[in-house]
Amino acid sequence: MAFARENIKGSIPALITPMKDGKVDEAAFRKLVNWQIASGSHGLVPCGTTGESPTLSHEEHMRVVEICVEEANGRVPVIAGAGSNSTAEAIMLTKHAKKVGADAVLSVTGYYNRPSQEGLYRHYAAITEAVDIPILLYNIPGRAIVEISVETMGRLSRLATVVGVKDATANLMRPSRERAACVQGWRLISGEDGTALGYMAHGGHGCISVTANVAPKLCAEFQNACMQGAFDRALQLQDQLMPLHDAMFCEPSPAPVKYAVSRLGLCTDEVRLPLVAATDSARKQIDAALASAGIKN
């Protein structure tokens with residue numbers, strides 16, 4: 001593959017999808033992508049959970065990925081959300097990501113229908129057989145209920161295009177166990193801002209971050225410090241960012257982060273039902289966290 005798995009690293013925002021009057025705000029999304037790159041983000045994930053992928057139509061989903069690839073223009077890797085609990089749908093979204101030039105895809109486990117470990121393996125194997133693009137597994141049992149076991153991940157790592165994992169388990173024993181089970185070069189990407197410091201100390205390579213939507217410079221500096229082994233500096237930044245990490249999940253995501261980004265004038269705080277906009281009490285917590293982190297509109 002032309003794309004090197006080592007390029008998946010650092011601070012990678014799980015991008016929000018700006019909305020306006022019920023529609024995807026394409027102009028705001030283009031602005032957001034360019035701001036993220038200018039602020040030092042090391043990669044981009046469009047159409048993940050934070051991007052409200054469950055409520056995007058297929059046409060909207062594909063358009064958001066296309067815009068992200070266009071605006072990134074090769075400056076940073078684009079890891080397109082392309083997962084589904086339907087293998088056929090996941091293959092369709094993965095084929096589109098490949099067609100429009102995404103560098104890799106993020107592929108979630110089978111939520112709701114709760115496949116077995118063998119079912120998970122066959123799901124990902126089918127995607128690899130259908131599309132030649134690097135795949136980052138998305139292990140998030142808190143939302144999906146099912147979890148990819150270490151043993152299954154070891155099997156999956158031996159599929160040529162499965163290159164690593166976004167780990168949202170918050171289990172800091174996983175990185176060491178996965179390194180032992182998986183092939184050399186396996187990419188370990190945290191999916192939890194609050195435990196990213198520990199994950200990086202355990203050998204991680206980066207974080208797909210919610211907070212990076214609103215604090216890209218700080219999150220990039222944090223990841224740079226971790227990658228350089230400057231953990232004293234990373235700890236200082238972790239402490240600075242922790243109130244913001246907490247605030248981003250004070251109510252169902254991405255309502256809090258959309259409000260935070262709206263405070264910077266980059267988009268509205270509009271979300272799609274069944275999610276609702278951040279409440280007044282949440283907004284107060286978010287405003288306080290922004291101030292604590294030194295982020296001003």
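Residues F249 and P256 are not in side-chain contact: their nearest non-hydrogen atoms beyond the backbone lie 4.5 Å or more apart. The shortest distance between side-chain heavy atoms of I286 and M248 falls below 4.5 Å. Counting heavy atoms from C-beta on, the side chains of V105 and L136 never come closer than 4.5 Å. Residues M153 and L137 meet the side-chain proximity criterion, which asks for heavy atoms closer than 4.5 Å. At least one side-chain heavy atom of L15 sits less than 4.5 Å from a side-chain heavy atom of V33. Residues E71 and L32 fail the side-chain proximity criterion, which asks for heavy atoms closer than 4.5 Å. Between M227 and M200 the shortest side-chain heavy-atom distance falls below 4.5 Å. The side-chain heavy atoms of T161 and I133, taken from C-beta on, include no pair separated by under 4.5 Å.
V150 and L159 end up in different hydrophobic clusters when Ile, Leu, Val, Met, Phe, Trp and Tyr side chains are linked at under 4.5 Å. Residues V214 and I37 share a single hydrophobic cluster, defined by chaining ILVMFWY side chains whose heavy atoms lie under 4.5 Å apart. With hydrophobic clusters built from ILVMFWY side chains whose heavy atoms lie under 4.5 angstrom apart, M19 does not share a cluster with L275. At a threshold of 4.5 Å between side-chain heavy atoms, the hydrophobic network of Ile, Leu, Val, Met, Phe, Trp and Tyr places V271 and V45 in two separate groups.
A distance-only check finds a donor-acceptor pair linking the side chain of N213 to the backbone of V210 [under 3.5 Å]. At distances below 3.5 Å, at least one donor-acceptor pair connects side-chain atoms of H205 with backbone N or O atoms of L188. A donor-acceptor pair is defined here as one N or O able to donate and one able to accept, closer than 3.5 Å; such a pair exists between the side chain of S262 and the backbone of Y259. The backbone N or O of P18 sits nowhere less than 3.5 Å from a side-chain atom of E270 that would complete a donor-acceptor pair. No donor-acceptor pair closer than 3.5 Å links the side chain of S190 to the backbone N or O of Y199. R158 places a side-chain N or O within 3.5 Å of a backbone atom of G154 that can act as its donor or acceptor partner. Between the side chain of E52 and the main chain of P254, no donor-acceptor pair closer than 3.5 Å is present. In this structure, the side chain of R233 does not engage the main chain of A230 through any donor-acceptor pair within 3.5 Å. A donor-acceptor pair is defined here as one N or O able to donate and one able to accept, closer than 3.5 Å; no such pair exists between the side chain of R174 and the backbone of T169. Side-chain atoms of Y124 come within 3.5 Å of backbone atoms of S107 as a donor-acceptor pair (strictly under, hydrogens ignored).
In this structure, a donor-acceptor pair under 3.5 Å is absent between the side chains of N171 and R177. Under 3.5 Å, the side chains of H123 and N85 contain no donor-acceptor pair of N or O atoms. For S209 and T211, the side-chain atoms include no donor-acceptor pair closer than 3.5 Å. Checked by atom type, the side-chain pair H96/E66 shows a donor-acceptor distance below 3.5 Å. Counting only N and O atoms by type, the side chains of T279 and E251 include a donor and acceptor under 3.5 Å apart. No hydrogens or angles considered: a donor-acceptor pair under 3.5 Å links the side chains of S84 and E89.
Using a cut-off of 4.0 Å between Lys/Arg side-chain N and Asp/Glu carboxylate O, E26 and R63 are scored as salt-bridged. R263 and D269 are not joined by a salt bridge, as no carboxylate oxygen comes within less than 4.0 angstrom of a charged side-chain nitrogen. Using a 4.0 Å cut-off between charged side-chain N and carboxylate O, K23 and E60 make no salt bridge. Using a 4.0 Å cut-off between a side-chain N of Lys or Arg and a carboxylate O of Asp or Glu, E129 and R122 do not qualify as a salt bridge. A salt bridge links R30 with E70: the distance from a Lys NZ or Arg NE/NH1/NH2 to an Asp or Glu carboxylate oxygen falls below 4.0 Å.
In this structure, I148 CD1 and Y138 OH are separated by 11.5 Å, a value rounded to the nearest 0.5 Å. Atoms CZ and CD, from F231 and Q236 in turn, are 14.0 Å apart once rounded to the nearest 0.5 Å. Put simply, SG on C267 and NZ on K20 are 11.0 Å apart, with the number rounded to the nearest 0.5 Å. One finds the CD1 atom of I127 at 9.5 Å from the CG atom of L93 (value rounded to the nearest 0.5 Å). One distance of note links CG of L197 with CZ of F222; it measures 4.5 Å at 0.5 Å rounding. Interatomic distance, H61 NE2 to T55 OG1, rounded to the nearest 0.5 Å: 11.5 Å.
The two atoms that bring Q36 and P13 nearest to each other are OE1-CG, 3.2 Å, heavy atoms only. Taking both residues in full, the closest heavy atoms of C226 and A234 are given as SG-CB, 3.7 Å, listed atom of the first, atom of the second, then distance.
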### Task
In sequence, state the C-alpha distance, the side-chain angles, and the governing distance for I295 and L244, and then conclude on side-chain contact (heavy atoms from CB on, under 4.5 Å).
CA-CA 10 Å; I295 297 170; L244 199 53; 3.7 Å; yes
### Task
Show your reasoning for whether side-chain contact (heavy atoms from CB on, under 4.5 Å) applies to V65 and V100.
CA-CA 8 Å; V65 172; V100 301; 3.9 Å; yes
### Task
Carefully, step by step, assess D21 and D25 under the rule side-chain contact (heavy atoms from CB on, under 4.5 Å).
CA-CA 9 Å; D21 299 326; D25 188 342; over 6 Å; no
### Query
Going through the distances and angles, do I140 and K166 end up as a side-chain contact (heavy atoms from CB on, under 4.5 Å)?
CA-CA 8 Å; I140 182 165; K166 174 187 176 182; over 6 Å; no
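Summarising the local packing, CZ of R179 is surrounded by more than 12 heavy atoms from other residues, nucleotides or ligands at distances under 6.0 Å. Within a 6.0 Å sphere centred on CZ of R272, other residues, nucleotides and ligands contribute more than 12 heavy atoms.
Between V165 and the choices L106, N139, I135, the side-chain contact (heavy atoms from CB on, under 4.5 Å) rule is met once, by N139.
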